[in-house]
Protein chains: 2
Amino acid sequence: MSKPIFKRNSDHLPDDCRPGFDMLYVLGDKWTVPVLGALRRDGRARFSDIEKALSISQRMLTLTLKTLERDGLVRREVFASVPPRVEYELTERGRSLMNSLHELTGWGFANHEGVEESRRRFDAGSV
Amino acid sequence: MSKPIFKRNSDHLPDDCRPGFDMLYVLGDKWTVPVLGALRRDGRARFSDIEKALSISQRMLTLTLKTLERDGLVRREVFASVPPRVEYELTERGRSLMNSLHELTGWGFANHEGVEESRRRFDAGSV
DNA sequence: CTGAATCCGTTAAGATACTG
DNA sequence: CAGTATCTTAACGGATTCAG
């Protein structure tokens, strides 16, 4: 009965490359990567712990986690205790996704200096 | 004298991983990947050709190309002919960035079926 | 008390259209 | 083809309310 939380998707891409790039538009929002990163680092974490670690709003953390759970990247577990407790952890799929980012982040670390330089030059006096 | 076109960036990430993930927030907007993909496939292309190939609005294509030029991923060349002609092509940096996406797109093709299944299950009866 | 849901606000992405 | 000027929609944040 639910539906996608965020509207950004890969519908504007040609059919044959849509599945390959679909996840890029999930990762490309503001909080998906930080949340996945926190869960990978800490293993299992409570909602409130992630919230404080990232200084993310409660609302955005809820929406981001729900999207990740929907995609099967994060597993959610509720404990009917008092006070209530909700814990999250990466699924195997979530872990493999994070690993598949190594090549891209490697590019980032290797090229960010060149990109910054290019931006400075462009912003200074175009040409 | 110029400035970033799009406001999305990696400022919300911790300092030590910001350079690695910065480009993700460039690639994550709607038109960057399609434009880079078209240029990689066609080599060198005119503005109007890309426009028609992607059914992107003139405005968004201008903004996207300017951002890519600013980052040194695309080279812009103007021909003072009649009618005027402007051509674009990937730089070496742009090509290497596209190559660094292989791991992620590979993950996408390998996992999109599982993700879609997870989404269907979640949307059907949350639990 | 935690975390989800909801209302309301702001900002930016993106489309369309017109100008030069 | 670039610039500008709306317009619409969505992302995001803040605050409140509600349920367990």
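Quick caveat: nothing in here was measured; it's all calculated off a predicted structure. So you know, we letter chains A, B, ... as the sequences are listed, proteins then strands, and number each from 1. Only heavy atoms go into these numbers, but all of them, side chains included; no hydrogens, no water, no symmetry mates.
R8(B) has its CZ atom 12 Å from the P atom of dA12(C), to the nearest Å. Taking atom NZ of K30(B) as the reference point, atom C1' of dT9(D) lies 11 Å away to the nearest angstrom. A straight line from CG of L54(A) to C1' of dG13(D) spans 15 Å, rounded to a whole angstrom. Atom pair M60(B):CE and dA17(C):P shows a separation of 16 Å (rounding to whole Å applied). The CG atom of L27(B) sits 17 Å away from the C1' atom of dA13(C) (whole-angstrom rounding). One interatomic measurement links the two molecules: CG of L63(B) to P of dA13(C), which rounds to 9 Å at whole-angstrom precision. Between the P atom of dA2(D) and the CZ atom of R85(B) lies a distance of 14 Å, rounded to the nearest Å. Between D29(B) atom CG and dA10(D) atom P the separation is 17 Å, expressed in whole Å.
OP1 or OP2 of dA2(D) lies within a sub-4.0 Å distance of a side-chain N or O belonging to T62(B). Distances shown here put every side-chain N or O of W31(B) at or beyond 4.0 Å from the OP1 or OP2 atom of dA13(C). In terms of phosphate contacts, S57(A) brings no side-chain nitrogen or oxygen within less than 4.0 Å of OP1 or OP2 of dG14(D). For K7(B), a side-chain nitrogen or oxygen approaches OP1 or OP2 of dA12(C) to under 4.0 Å. In terms of phosphate contacts, K66(B) brings a side-chain nitrogen or oxygen within less than 4.0 Å of OP1 or OP2 of dG3(D). Close to dT17(D), at under 4.0 Å from its OP1 or OP2, lies no side-chain N or O of R59(A).
Residues E113(A) and R120(A) are paired through a salt bridge, judged by an N-O separation under 4.0 Å between the basic side chain and the carboxylate. Contact check on R75(B) versus E89(B) returns a salt bridge, with a Lys/Arg side-chain nitrogen under 4.0 Å from an Asp/Glu carboxylate oxygen. With respect to D29(A) and R8(A), no salt bridge is recorded, no charged nitrogen being found less than 4.0 Å from a carboxylate O. Using a 4.0 Å cut-off between charged side-chain N and carboxylate O, D22(B) and R119(A) make a salt bridge.
With hydrogens and angles ignored, the 3.5 Å screen pairs no side-chain donor or acceptor of D71(A) with any backbone N or O of L73(A).
Residue F79(A) is classed as having no contact, given no heavy-atom separation below 4.0 Å to the nucleic acid. Q58(B) comes within 4.0 angstrom of a nucleotide base, judged by non-hydrogen atoms across all strands.
If you check dA2(D), dG13(D), dC1(C) against the side chain of P83(A), the one that comes closest is dC1(C). Closest approach to the V86(A) side chain among dA2(D), dA4(C), dA10(D) is made by dA4(C) (side chain taken as heavy atoms from C-beta onward). Looking at the side chain of F6(A), the nearest of the listed nucleotides dG14(C), dG3(C), dA11(D) is dA11(D).
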